[in-house]
Student: 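Before I ask anything, here is the structure I am working with.
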Amino acid sequence: MKKFGLFLAAIVAVAALGAIIFFGRQHQAEQLAAQAASHSALVAKHPAAAKSTPVSASSSSHQQTKQPNKKVGHNQPLKYVALGDSLAAGDFTSKEDLAYEYVLTRYLKNTLGFKATLDGYWEAGATLTSLAQPNYDNVVTMAPDLITIEFGTNEQDQTNPNYADPATFKTNLTNLVSGFKTDLPKAKIILLTTWKADTSAQYNAAIKAVGTQYAIPVVDISSVYAKSSNIAQSGATSWTGSGDGYHPNDAGNQAIADLLAKQVDRFYVK
């Protein structure tokens with residue numbers, strides 16, 4: 001009788017456990033169904049939520065961030081006029097179109113999306129009084145949207161017939177810039193500092209003072225000539241002859257163009 005009682009208790013226990021398992025599974029199924037219904041409702045309201053793209057462990061937040069679209073030009077015309085000396089002429093680059101103003105023009109076209117054209121006046125030994133001022137009216141007639149002005153290196157050379165001391169150079173640059181600001185009020189102007197010379201600091205100070213006076217940006221290119229790898233070494237082949245160990249080479253002109261491009265971005269990339 002005692003054994004029968006134990007046997008009956010065991011049967012009852014097994015039956016109870018089976019009921020718990022059955023109802024537990026039924027509850028779990030109901031929960032899964034409810035979750036599925038909730039997800040379906042979410043997808044119906046927001047289709048994009050139906051799919052998610054996993055981010056790999058190697059992906060960084062920088063890689064996931066889209067860079068802003070810099071094609072701001074929308075193929076609109078942009079006239080660029082460059083004024084300068086042998087630096088603008090690209091003396092001692094391997095090819096003439098590797099001078100910084102050509103490189104910058106390609107940036108305006110290929111990166112910013114403008115229908116950019118290049119014109120201007122540049123030649124070895126040029127100064128403000130020998131080249132920029134005599135062609136002032138021609139530049140105004142061109143009606144440029146962007147002007148770069150790079151002078152002051154040859155003005156420091158006292159053997160140059162157009163030598164100008166720092167004060168005279170500043171006056172000449174002031175006259176040129178003020179004229180452009182009056183006759184070409186919509187043109188964006190960038191001034192460049194001088195190339196390496198013993199008295200560069202005085203002339204660069206004059207350039208920066210004019211820039212401040214007329215709220216015109218000044219691109220300091222001293223960091224370019226500070227690197228020997230940016231200089232056309234003596235004996236190096238170039239389109240203007242053997243390198244002179246002084247003028248910027250292809251890399252130097254690219255570096256100047258890169259500095260100008262940063263300023264151009266401030267003009268056009270919002």
Side-chain angles (χ1 to χ4, degrees), residues 80-93 96 99-102 104 118-142 144 146-184 187 189-214 216-222 224-225 231-232 238-249 252-253 256 259-260:
Y80 168 33
V81 166
L83 301 173
D85 52 33
S86 55
L87 264 71
D91 284 4
F92 304 105
T93 52
E96 184 177 5
Y100 69 78
E101 74 270 22
Y102 288 97
L104 182 62
L118 172 65
D119 207 338
Y121 297 92
W122 51 79
E123 64 182 27
T127 64
L128 286 168
T129 55
S130 72
L131 189 67
Q133 290 178 354
N135 289 290
Y136 177 86
D137 291 339
N138 294 335
V139 173
V140 172
T141 300
M142 292 174 186
L146 175 66
I147 305 172
T148 58
I149 301 173
E150 178 268 313
F151 291 104
T153 302
N154 292 306
E155 278 89 345
Q156 301 176 55
D157 181 3
Q158 296 189 27
T159 65
N160 189 311
N162 295 290
Y163 162 79
D165 60 45
T168 303
F169 170 73
K170 181 180 178 182
T171 298
N172 293 337
L173 183 59
T174 298
N175 291 338
L176 181 72
V177 169
S178 64
F180 284 153
K181 293 288 283 185
T182 299
D183 295 329
L184 299 168
I189 303 172
I190 304 174
L191 302 178
L192 285 78
T193 57
T194 66
W195 197 240
K196 185 177 182 180
D198 291 338
T199 52
S200 285
Q202 301 172 60
Y203 289 80
N204 289 343
I207 293 169
K208 292 175 181 179
V210 174
T212 299
Q213 181 179 353
Y214 291 95
I216 292 174
V218 176
V219 169
D220 190 334
I221 60 175
S222 60
V224 179
Y225 62 68
I231 308 300
S238 78
W239 73 280
T240 47
S242 178
D244 64 351
Y246 176 73
H247 283 79
N249 56 15
N253 275 270
I256 294 172
L259 292 173
L260 289 169

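The model shown is predicted, which means the values in this text are computed figures rather than measured ones.
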Student: Do you know which two heavy atoms are closest between Ala99 and Ala88, and how far apart they sit?
Tutor: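 Closest heavy-atom pair between Ala99 and Ala88: CB-O, 3.6 Å.
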
Student: Closest approach of Pro166 and Ala206, non-hydrogen atoms and distance?
Tutor: O-CB, 4.2 Å

Student: Between Trp122 and Glu150, is there a donor-acceptor pair closer than 3.5 Å when you use the side chain of the first and the backbone of the second?
Tutor: no

Student: What is the minimum heavy-atom distance between Gly84 and Leu131, and which atoms define it?
Tutor: O-CD2, 3.5 Å

Student: Quick one: does any side-chain atom of Glu155 pair with a main-chain N or O of Leu128 as donor and acceptor, under 3.5 Å?
Tutor: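 Side chain of Glu155 to backbone of Leu128: a pair is present.
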
Student: What's the shortest heavy-atom distance between Val139 and Pro144, and which atoms?
Tutor: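 For Val139 and Pro144, the tightest heavy-atom pair comes out as O-CD, 3.3 Å.
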
Student: Using a 4.5 Å cut-off on heavy atoms from C-beta on, say whether the side chain of Leu192 contacts that of Leu87.
Tutor: no

Student: When rounded to the nearest 0.5 angstrom, what is the spacing between CG in Leu104 and CG in Asn253?
Tutor: 11.5 Å

Student: Once side chain to side chain donor-acceptor pair (under 3.5 Å) is applied, what residue pairs with a partner in residues 130-139 remain, sequence neighbours excluded?
Tutor: Tyr121-Asn138, Thr127-Ser130, Asn135-Asn138, Tyr136-Asp183

Student: Judged by atom type as modelled, is there a donor-acceptor pair below 3.5 Å linking the side chain of Asn249 to the main-chain atoms of Thr93?
Tutor: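 No, because the side chain of Asn249 does not come within donor-acceptor range (under 3.5 Å) of the backbone of Thr93.
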
Student: Rounded to the nearest 0.5 Å, what's the gap from CG on Leu191 to CD1 on Ile147? Could you check?
Tutor: 10.0 Å

Student: Less than 3.5 Å apart, any donor N or O on the side chain of Thr148 or Tyr80 sitting next to an acceptor on the other?
Tutor: yes

Student: Would you give the length of the straight line joining atom CG of Leu173 to atom CD1 of Ile207, rounded to the nearest 0.5 angstrom?
Tutor: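 Taking CG in Leu173 and CD1 in Ile207, the distance rounds to 6.5 Å.
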
Student: Using a 3.5 Å distance criterion without hydrogens, assess whether the side chain of Tyr246 forms a donor-acceptor pair with backbone atoms of Lys196.
Tutor: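 Checked: pair present.
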
Student: Could you pull out the closest heavy-atom pair between Ile256 and Pro248, with the gap in Å?
Tutor: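 Here Ile256 and Pro248 meet closest at CD1-CG, 4.4 Å.
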
Student: Side-chain contact test, heavy atoms from C-beta onward, threshold under 4.5 Å: evaluate it for Leu83 versus Phe180 and give yes or no.
Tutor: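 Leu83 vs Phe180: side chains touch.
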
Student: With the side chain counted from C-beta on, respond yes when Tyr225 and Ile231 share a heavy-atom pair under 4.5 Å apart, and no when they do not.
Tutor: yes

Student: Check whether any side-chain N or O of Gln156 sits under 3.5 Å from a backbone N or O of Asp198 as a donor-acceptor pair, and report yes or no.
Tutor: no

Student: State which residues pass side chain to side chain contact (heavy atoms under 4.5 Å, CB included) with Ser178; sequence neighbours excluded, sorted by chain then number.
Tutor: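 Result, side chain to side chain contact (heavy atoms under 4.5 Å, CB included) vs Ser178: Tyr214.
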
Student: Less than 4.5 Å apart, any side-chain heavy atom of Tyr102 and any of Glu96?
Tutor: yes

Student: Are the side chains of Ile190 and Leu146 in touch, meaning some heavy atoms are under 4.5 Å apart?
Tutor: yes

Student: Roughly how far apart are Trp195 CH2 and Asn154 CG, rounded to 0.5 Å?
Tutor: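 Going from CH2 on Trp195 over to CG on Asn154, the span is 13.5 Å.
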
Student: How close do Leu118 and Ala82 get, heavy atom to heavy atom, and via which atoms?
Tutor: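 For Leu118 versus Ala82, the nearest heavy atoms are CD1-CB, 4.3 Å.
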
Student: Is any side-chain heavy atom of Ile149 closer than 4.5 Å to one of Ile216?
Tutor: no

Student: Please name all residues satisfying side chain to side chain contact (heavy atoms under 4.5 Å, CB included) with Thr240, sequence neighbours left out, ordered by chain then number.
Tutor: Asp91, Phe92, Ser238

Student: Is any side-chain heavy atom of Phe151 less than 4.5 Å from a side-chain heavy atom of Asn172?
Tutor: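 The answer is no; the side chains never approach within 4.5 Å.
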
Student: Checking side-chain hydrogen bond (donor to acceptor under 3.5 Å, both in side chains) against Thr194, which of Thr199, Thr153, Asn204, Asp85 comes through?
Tutor: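 Answer to the side-chain hydrogen bond (donor to acceptor under 3.5 Å, both in side chains) test with Thr194 among Thr199, Thr153, Asn204, Asp85: Asn204.
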
